[in-house]
Amino acid sequence: MPGPIQSIERAAAMLRLLARGSGEYGLAEVAASLGLPKGTAHGILRTLQRVAFVEQDEETGRYRLGAALLHLGTSYLDANELRSRSLNWADALAARSGQEVRIGVHHDGAVLVVHHVFRPDDTMQTLGIGAMLPLHATAFGKVLLAYDADLSAATRRRELTSLTRRTIVTPQSLERVLTQVRAAGWANDAEEYLPGEASIAAPIRAPGGLVVGAIGISGSVDRICDSASRAKPALVSQVASAAEAISRALSD
């Protein structure tokens with residue numbers, strides 16, 4: 001296998017440097033920080049400038065991250081930013097629904113919980129931030145799979161672990177469910193991940209419509225679903241409204 005390409009490693013290090021502190025560096029500062037000759041540093045900066053990943057201030061001559069790179073970055077929304085933009089709506093959703101609220105993103109083949117609001121009652125609860133949930137067996141995971149064709153294909157190629165008697169375990173069944181999720185704009189699970197538990201989730205979208213996460217509620221199946229294990233319409237509406245509000249906030 002070929003080894004790493006040094007020029008790309010140096011360019012990546014340069015971009016990370018420009019993302020720090022004030023975000024503006026002179027040529028000498030860049031070269032000294034990375035231990036490069038000025039000529040080498042200048043050549044990499046000019047190349048990055050040519051593809052608009054770096055800009056140079058005409059008056060000071062200092063370099064900063066370019067607009068193209070910043071625009072490219074909107075395809076991946078930092079989990080901390082997603083959490084900070086979602087706080088108010090997550091709290092309001094917990095208050096309205098009476099259920100715990102979680103916000104999740106895809107990470108390493110699972111759903112990573114980046115924010116968790118406790119159920120507004122006095123029962124004992126455990127903070128779930130940092131928990132990893134299965135993609136195929138939760139409403140949160142189904143939302144992320146439904147809007148990411150590559151992730152969906154990779155998940156369906158793997159073994160779908162049976163967690164309860166209701167867990168989806170065949171690729172064909174999962175694809176049918178994901179088609180339904182895309183048509184409805186939300187997902188649910190009823191005792192597919194944990195016996196007696198259910199959840200409803202809806203997509204959070206970044207500017208341009210890219211799905212970057214999911215927000216949803218979780219609770220006992222009798223509170224989330226009707227007698228036929230269908231998600232209660234009022235709760236679906238509350239979750240969908242919260243997801244839309246967060247998506248608008250991200251666009252703003």
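The first residue in the sequence is number 1, and the count goes up from there.
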Go through the steps to decide whether R50 and E55 satisfy the test salt bridge (Lys or Arg N to Asp or Glu O under 4.0 Å), and finish with yes or no. CA-CA 9 Å; R50 190 173 300 120; E55 296 175 351; over 6 Å; no
Same apolar cluster: [X] and [Y], side chain cutoff 4.5 Å:
| X | Y | answer |
| --- | --- | --- |
| Y193 | L112 | no |
| F118 | L194 | no |
| W186 | L93 | yes |
| M132 | V105 | yes |
| L144 | V212 | no |

Side chains of [X] and [Y]: closer than 4.5 Å at any heavy-atom pair?
| X | Y | value |
| --- | --- | --- |
| F140 | L133 | yes |
| I44 | V54 | no |
| L27 | L45 | yes |
| S220 | Q99 | no |
| L18 | R64 | no |
| P134 | V111 | no |
| T167 | E191 | no |
| H107 | V114 | no |

Drop me the distance from [X]'s [atom1] to [Y]'s [atom2], to the nearest 0.5 angstrom.
| X | Y | atom1 | atom2 | result |
| --- | --- | --- | --- | --- |
| S86 | D91 | OG | CG | 10.5 Å |
| R156 | S173 | CZ | OG | 11.5 Å |
| S152 | D150 | OG | CG | 9.5 Å |

May I ask you to check whether over 12 heavy atoms, not counting those of Q6, lie within 6.0 Å of atom CD? no
Tell me whether R46 at atom CZ has more than 12 heavy atoms from other residues, nucleotides or ligands lying less than 6.0 Å away.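 No, the 6.0 Å shell around CZ holds no more than 12 heavy atoms from other groups.
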Output yes when a side-chain donor or acceptor of [X] lies under 3.5 Å from a complementary backbone atom of [Y], and no otherwise.
| X | Y | answer |
| --- | --- | --- |
| E175 | Q172 | no |
| T40 | L36 | no |
| Q125 | R119 | yes |

Residues that H115 engages under ring-ring contact (aromatic ring centres under 6.0 Å, His included), provided they are two or more places apart: none
Minimum heavy-atom separation for [X] to [Y], with atom names?
| X | Y | answer |
| --- | --- | --- |
| K232 | C225 | CE-O, 3.2 Å |
| V143 | A187 | CG2-CB, 3.7 Å |
| I204 | A214 | CD1-C, 4.0 Å |
| Y147 | G185 | OH-CA, 3.7 Å |
| H106 | L135 | CD2-CD1, 4.3 Å |
| A31 | A41 | CB-CB, 3.9 Å |

Salt bridge check, K142 against E192: does any charged N sit closer than 4.0 Å to a carboxylate O? yes
So, are R205 and E244 salt-bridged, with charged N and O less than 4.0 Å apart?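 Here R205 does not pair with E244 in a salt bridge, since their nearest N and O are not under 4.0 Å apart.
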May I ask you to check whether T179 and R176 show a side-chain donor-acceptor distance below 3.5 Å? no
Donor-acceptor pair between D189 and T138 side chains, under 3.5 angstrom: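 There is no such pair (donor and acceptor under 3.5 Å, judged by atom type) between the side chains of D189 and T138.
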Worked check of side chain to side chain contact (heavy atoms under 4.5 Å, CB included) between V177 and I168: CA-CA 9 Å; V177 168; I168 297 171; 3.6 Å; yes
Passing option when S218 is tested against E100, R102, H116 for side-chain hydrogen bond (donor to acceptor under 3.5 Å, both in side chains): R102
Can I103 and V113 be said to form a side chain to side chain contact (heavy atoms under 4.5 Å, CB included), step by step? CA-CA 6 Å; I103 294 173; V113 177; over 6 Å; no
Given the rule in the side chain to side chain contact (heavy atoms under 4.5 Å, CB included) test, do R10 and L34 qualify, once you have shown the distances and angles that lead to the verdict? CA-CA 8 Å; R10 288 173 170 174; L34 300 180; 5.9 Å; no
For I217, the option from N188, V101, V236, V117 that meets side chain to side chain contact (heavy atoms under 4.5 Å, CB included):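 Single side chain to side chain contact (heavy atoms under 4.5 Å, CB included) partner of I217 among N188, V101, V236, V117: V101.
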Mind checking side chain to side chain donor-acceptor pair (under 3.5 Å) for Q56 and listing every partner two or more places apart, or none if nothing turns up? Y63
With side chain to side chain contact (heavy atoms under 4.5 Å, CB included) as the criterion, how do L174 and L160 come out once you've worked through the C-alpha distance, each side chain's angles and the decisive distance to 0.1 Å? CA-CA 9 Å; L174 180 58; L160 301 177; 4.2 Å; yes
